[in-house]
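Shown next, in structure tokens, is the structure this report addresses.
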Amino acid sequence: MGTAYSTILPEHEQFIREQKLFFVGTAAQEGHVNLSPKGHDAFRILSPNQVAYLDLTGSGNETSAHLSAVNRITFMFVAFEGKPLILRLYGTGKVILPSSPEWEDIAAHFNLYPGYRQIIVSDIDIVKTSCGFSVPYYSYEGERDLLLKWATNQGEENLIDYRKRKNSESMDGFVTPIGKEFDADGKLG
């Protein structure tokens, strides 16, 4: 059952900042539910009811596609060390692309890692905590740098081509905001 709150409290913010991993869940009306793990220092609390994360180029773009169809989103943070706790943030989300008018203001909150493709911004209406008593202990050993090295080695031109091929449409055929930016010739609009 857990306890529900209408805003992110200071103790929630502290817990979120301590976590090295978070999960993002989305779903459109039809098709598959998506659950993505996220690492790196990519999550920001913008206010007690607004958060954002820097989304890096990956093999899919389900979150972005789902938010374009139905803007529901859930974030989950889990304590793998220390006191057990699960914290979920429920809300609505939107995609901010580098071409979006609000990009500069939102991007200023982040270290723009190689391969960044968009920022997901979410307005939070429910914060829910639960015990996490059954979550096992895991020790953090460090960040994997494989994705950042891959993006650096690709270069911007190859990343654009990769996003066109792999990030323009969801597995269920929903066009993503990145996909909408390519014109009929496959060029960025």
Side-chain angles (χ1 to χ4, degrees), residues 4-9 12-13 16-17 19 21-77 87-128 147 151 156 159-160 162-183 187-189:
Y5 304 86
S6 60
T7 64
I8 300 169
L9 300 177
H12 301 146
E13 184 170 350
I16 289 168
R17 289 180 190 277
Q19 304 316 304
L21 167 72
F22 65 97
F23 299 87
V24 178
T26 56
Q29 291 291 83
E30 304 280 328
H32 295 85
V33 174
N34 186 61
L35 182 62
S36 293
K38 304 292 180 187
H40 298 292
D41 181 25
F43 191 87
R44 298 291 183 270
I45 298 171
L46 304 178
S47 77
N49 287 97
Q50 190 175 61
V51 300
Y53 77 90
L54 181 68
D55 190 54
L56 305 176
T57 300
S59 59
N61 201 5
E62 300 301 306
T63 300
S64 179
H66 290 168
L67 291 178
S68 295
V70 176
N71 67 351
R72 297 172 301 164
I73 190 167
T74 301
F75 299 91
M76 185 174 74
F77 299 84
L87 184 142
R88 292 179 180 89
L89 305 173
Y90 298 90
T92 58
K94 66 179 179 178
V95 178
I96 308 294
L97 296 174
S99 61
S100 301
E102 59 267 73
W103 174 263
E104 292 300 322
D105 289 338
I106 300 295
H109 294 275
F110 296 93
N111 173 19
L112 296 179
Y113 291 114
Y116 69 85
R117 63 180 171 188
Q118 58 204 1
I119 296 173
I120 306 298
V121 176
S122 178
D123 293 321
I124 303 301
D125 55 18
I126 299 173
V127 177
K128 196 166 186 182
L147 183 62
E156 192 57 33
L159 283 172
I160 290 169
Y162 183 88
R163 289 182 197 122
K164 179 184 169 203
R165 291 183 290 109
K166 300 281 190 172
N167 297 166
S168 292
E169 191 174 284
S170 77
M171 63 188 283
D172 294 315
F174 299 111
V175 177
T176 68
I178 286 174
K180 291 174 185 172
E181 282 209 331
F182 291 104
D183 64 20
K187 305 277 188 217
L188 279 174

Roughly how far apart are I178 CD1 and K164 NZ, rounded to 0.5 Å?
14.0 Å

When you measure from the side chain of N167 to the backbone of G58, do you find a donor-acceptor pair of N or O atoms at a distance under 3.5 Å?
yes

Here the gap from F174 atom CZ to L67 atom CG, rounded to the nearest 0.5 Å, amounts to 12.0 Å

Using side-chain heavy atoms (C-beta onward) and a distance below 4.5 Å, is L21 in contact with P37?
yes

Centroid separation F77 to F22 less than 6.0 Å:
yes

Quick one: do F182 and I160 satisfy side-chain contact (heavy atoms from CB on, under 4.5 Å)? Show the steps, please.
CA-CA 10 Å; F182 291 104; I160 290 169; 3.9 Å; yes

Any chance you could measure H66, atom NE2, to N61, atom CG, to the nearest 0.5 Å?
10.0 Å

Please examine the side chains of I8 and I45, heavy atoms only from C-beta on, and report whether any two atoms are closer than 4.5 Å.
yes

Do you know the tightest heavy-atom contact between S122 and I73?
OG-CG2, 3.3 Å

Student check: side-chain heavy atoms of L147 and L56 closer than 4.5 Å
yes

Smallest heavy-atom separation, T176 atom then A65 atom, equals CG2-CB, 3.7 Å

Is the closest side-chain heavy-atom distance between T7 and Y5 below 4.5 Å?
no

Could you check if a side-chain atom of V127 sits within less than 4.5 angstrom of a side-chain atom of L9, using non-hydrogen atoms only?
no

I would like to know whether R72 and Q29 meet side-chain contact (heavy atoms from CB on, under 4.5 Å); could you show each step before the answer?
CA-CA 10 Å; R72 297 172 301 164; Q29 291 291 83; 4.1 Å; yes

Enumerate the salt bridge (charged side-chain N to carboxylate O under 4.0 Å, His left out) contacts for residues 23-40, please, sequence neighbours excluded, ordered by first and then second residue.
K38-D55

Interatomic distance, S59 atom OG to Y162 atom OH [nearest 0.5 angstrom]:
5.0 Å

Nearest heavy-atom pair of S64 and P177: which atoms, and what distance?
OG-CD, 2.9 Å

CD (E169) and CD (E62) are apart, to the nearest 0.5 Å, by 9.5 Å

Among R163, R117, Q118, side chain to side chain donor-acceptor pair (under 3.5 Å) partner for T57
R163

Between atom OG1 of T63 and atom CG of N34, what is the distance when rounded to the nearest 0.5 Å?
5.0 Å

Using distance only, find each side-chain donor-acceptor pair of residues 90-110 under 3.5 Å and give its atom names and separation, not counting sequence neighbours.
| from | atom 1 | to | atom 2 | distance (Å) |
| --- | --- | --- | --- | --- |
| S99 | OG | E181 | OE2 | 2.2 |
| S100 | OG | L97 | N | 2.9 |
| S100 | OG | L97 | O | 3.1 |

Name all residues meeting the side chain to side chain donor-acceptor pair (under 3.5 Å) criterion together with N49; count only those two or more places apart in sequence or in a different chain, and write none if there are none.
none

